[in-house]
Amino acid sequence: MAEEKSLNFLEEIVETDLKSGKYQSICTRFPPEPNGYLHLGHAKSICLNFGLALKYGGKTNLRFDDTNPITEETEYVESIKDDVRWLGFNWTNEFYASDYFGHLYEFAVALIKKGLAYVDDSTSEEIAMQKGTPTKSGTPNAYRSRSIEENLQLFTEMKEGKYKDGEKVLRAKVDLASTNMHMRDPIIYRIKHAHHHRTGDTWCIYPMYDFAHGQSDAIENITHSICTLEFVPHRELYDWFIANLAIYPSRQYEFARLNVTYTVMSKRKLLQLVNEGDVNGWDDPRMPTISAMRRRGYTAESIRQFCDKIGVAKRENLIDIGLLEFCVREDLNKLAQRRMVISNPLKVVITNYPDGKSEMLPSENNPEDPMSGSRNLPFSRELYIEQDDFMEVPVKKYFRLAPGQMVRLKSAYIIKCNEVIKDTAGNLTELRCTYVPESKSGSDISGLVVKGVIHWVSRPHALEVEMRLYDRLFKVEDLNKIEADFKNYLNKDSLHVIPKVYVEPELANATLEDRFQFIRTGYFCLDKDSTSDKLVFNRTVTLRDMWAKEQKR
RNA sequence: UGUCCUAUGGUGUAAUGGUAACACUGCAGAUUUUGAUUCUGCCUUUCUAGGUUCGAAUCCUAGUAGGACAACCA
């Protein structure tokens, strides 16, 4: 019955720690730097950190890692909070690393007093040089042996603004011969005469990540500090600070970051696309950001499902974008109301339907959800169908409309194509059809059996809207494998706008929250660019299309 | 020519010394007033070589492959 799902390695660690009594309850944190918008990779981390606390009854803090005033902005703070909330998670506390600047400063002083930190006047080039290489150990410089008193004095002066950016740094005195480069006297404080989004001009020295993150974890009593694999070599330093500062022993654990085919998952690269105009902002529906996916029509549930399905482990991975699409389709199929929309119209005249007459035909809103009810569709003598749903010379197994053939108009009548009208250039302009009055949906007594069912809209009743179709942002599967500039692989056709699409009148009532399935086409939602006289719809994802697949062969 | 991490179908993830499984993808079929959904079936897997063991995907050793690390970024 209630089958137990196997645990990922982090859940195992937590369960072990809880069982052994090491912790009574756990505390995790999601620690974004407010220098960009959150993306799908962050969603994985959010689901993990909040998910762990939810599953084992603990707490999760939202902590902004804002130690670099040059790149961080309040706009990003707000977007991050919106995205986490939208994903469905509530943080226990909202904290900022900058809340701890005073605390962190004292930690630095404590280290100096223990003879474990020193002020270095070297340039960054000199420091890099003196660090050696992974295979060659570093060499100490003269500043390394400064007295505690002098270091205290100098560090105070750094804080007081006596020096210019880059003139001096504070370094931890660890081990210049370590095989771990991060242990070779890492810089822990640097001078930046910059305005901070929260602390303003209070500080002109700022702690480095390594001197802020672990200590912030300790201050908040974070039990399990979960980060991505590239921080594995930082762990030794993380533990060194805990030991030498004698603070709360948070533990760092690392998992493999998310990679998805045909896209990039790096804030730096996404920012570049935004800045260089390759996309229209962070929430351009082609972006892998949370805000873009929300705008495109993805549901929070589908993203959570995706994060659950991809699992958590320590090996490099590349997830097929198809899995994400599967997750949205699965969710949207249950909740999206169905609508009839014609994006590539072919006019159909029902010659035996009275001119000027129209009738309202009911159609189910969602066959997957009996509670969703139905709506009425206007039917009349002149209709639009998709050009794809007619073939003058049908291929084998084509069971839509063709000269002399019949199809069912969904929720309406069976029609038969009698005549094909073309313009002088030979282009199809119109189909002349007759309908079978006894074949009305729900009361069909015609006895006819047709294999094909197509969608349609009434020409005089149709609304005109704009439709935006999105394709993958990049043309190659694995962006991590390429050597050249990633922008060389941008898909120039990732956005396709259809300015005039005919939709059933019911869609005039669409709101930003609604999700629709345009029958036989895909899932769509209203875009925020919509105005009262011009609705814009985004395609979230297409429907699976076995016919299209078969056509390719 | 250092240290660390990782290695299971096409892609992910399980199996915790005892018959290698689940999802996605792909393929075939059934149902269908969406060529959708749903349902059924099928394809395909333990990096290599040694060792420990009655028994190894799992433990050990070596190799190979991939990744991370030398920002006053996080």
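Source: prediction; values computed, not measured. Numbers restart at 1 for each chain; the letters A, B, ... are given by sequence-line order, proteins then strands.
A/E368 places its CD atom 13 Å from the P atom of B/rA36, with the value rounded to the nearest Å. For A/H182 and B/rA71, the NE2 to P distance is 9 Å, given to the nearest whole Å. Rounded to a whole Å, the NZ atom of A/K397 is 10 Å from the C1' atom of B/rG35. When the C1' atom of B/rC73 is taken as reference, atom CG of A/L271 falls 13 Å away, rounded to whole Å.
In this structure, the nucleotide among B/rU32, B/rA14, B/rA74 sitting nearest to the side chain of A/K451 is B/rU32. Closest to the A/D65 side chain, of the nucleotides B/rA74, B/rU34, B/rU13, is B/rA74. When distances run from any side-chain atom of A/P233 to the nucleotides B/rU37, B/rA68, B/rA14, the shortest one goes to B/rA68. When the nucleotides B/rU8, B/rA74, B/rA70 are ranked by their closest atom to the side chain of A/T133, B/rA70 comes out on top. With B/rG2, B/rU34, B/rA74 as the candidates, the nucleotide lying closest to the side chain of A/T179 is B/rG2. Candidate nucleotides B/rG26, B/rA74, B/rU34 were compared by shortest atom distance to the side chain of A/K410, and B/rU34 ranks first. Comparing B/rA68, B/rG12, B/rG26 by their closest approach to the side chain of A/E230 singles out B/rA68. Among the nucleotides B/rA14, B/rU33, B/rC73, the one closest to the side chain of A/M208 is B/rC73. Here the nucleotide nearest the side chain of A/K314, chosen from B/rU3, B/rU37, B/rU6, is B/rU6. Comparing B/rC73, B/rA70, B/rG35 by their nearest atom to the side chain of A/R520 picks out B/rG35.
A/D165 comes within contact range of no nucleotide atom at all, as no heavy-atom separation falls under 4.0 Å. Counting any heavy atom pair closer than 4.0 Å across all strands shown, A/I519 reaches a base atom. Within 4.0 Å (heavy atoms only), A/Y189 reaches no atom of the nucleic acid at all. In this structure, A/P31 reaches neither bases nor backbone, as no heavy-atom distance under 4.0 Å exists between it and the strands shown. Within the nucleic acid shown, A/T67 comes within 4.0 Å of sugar-phosphate atoms alone, with no base atom in reach, counting heavy atoms only. Looking at heavy-atom distances under 4.0 Å, A/K334 makes no contact with the nucleic acid at all. Contacts of A/V169 with the nucleic acid, taken as non-hydrogen atoms under 4.0 Å apart, include base atoms.
Taking a pair to require two hydrogen-bonding distances under 3.5 Å in either a Watson-Crick or a G-U wobble arrangement, B/rG12 pairs with B/rC22.
Partner of A/Y206 under the ring pair (Phe, Tyr, Trp, His ring centres under 6.0 Å) criterion, out of A/Y189, A/F101, A/Y105: A/F101 alone.
Applying the 5.5 angstrom centroid cut-off and the 30 degree plane-angle cut-off, the aromatic ring of A/W547 is stacked upon the base of B/rG35.
Between the A/N259 side chain and the A/N317 main chain, a donor and an acceptor come within less than 3.5 Å of each other.
With P as the reference atom, B/rG17 and B/rC59 are 9 Å apart, rounded to whole Å.
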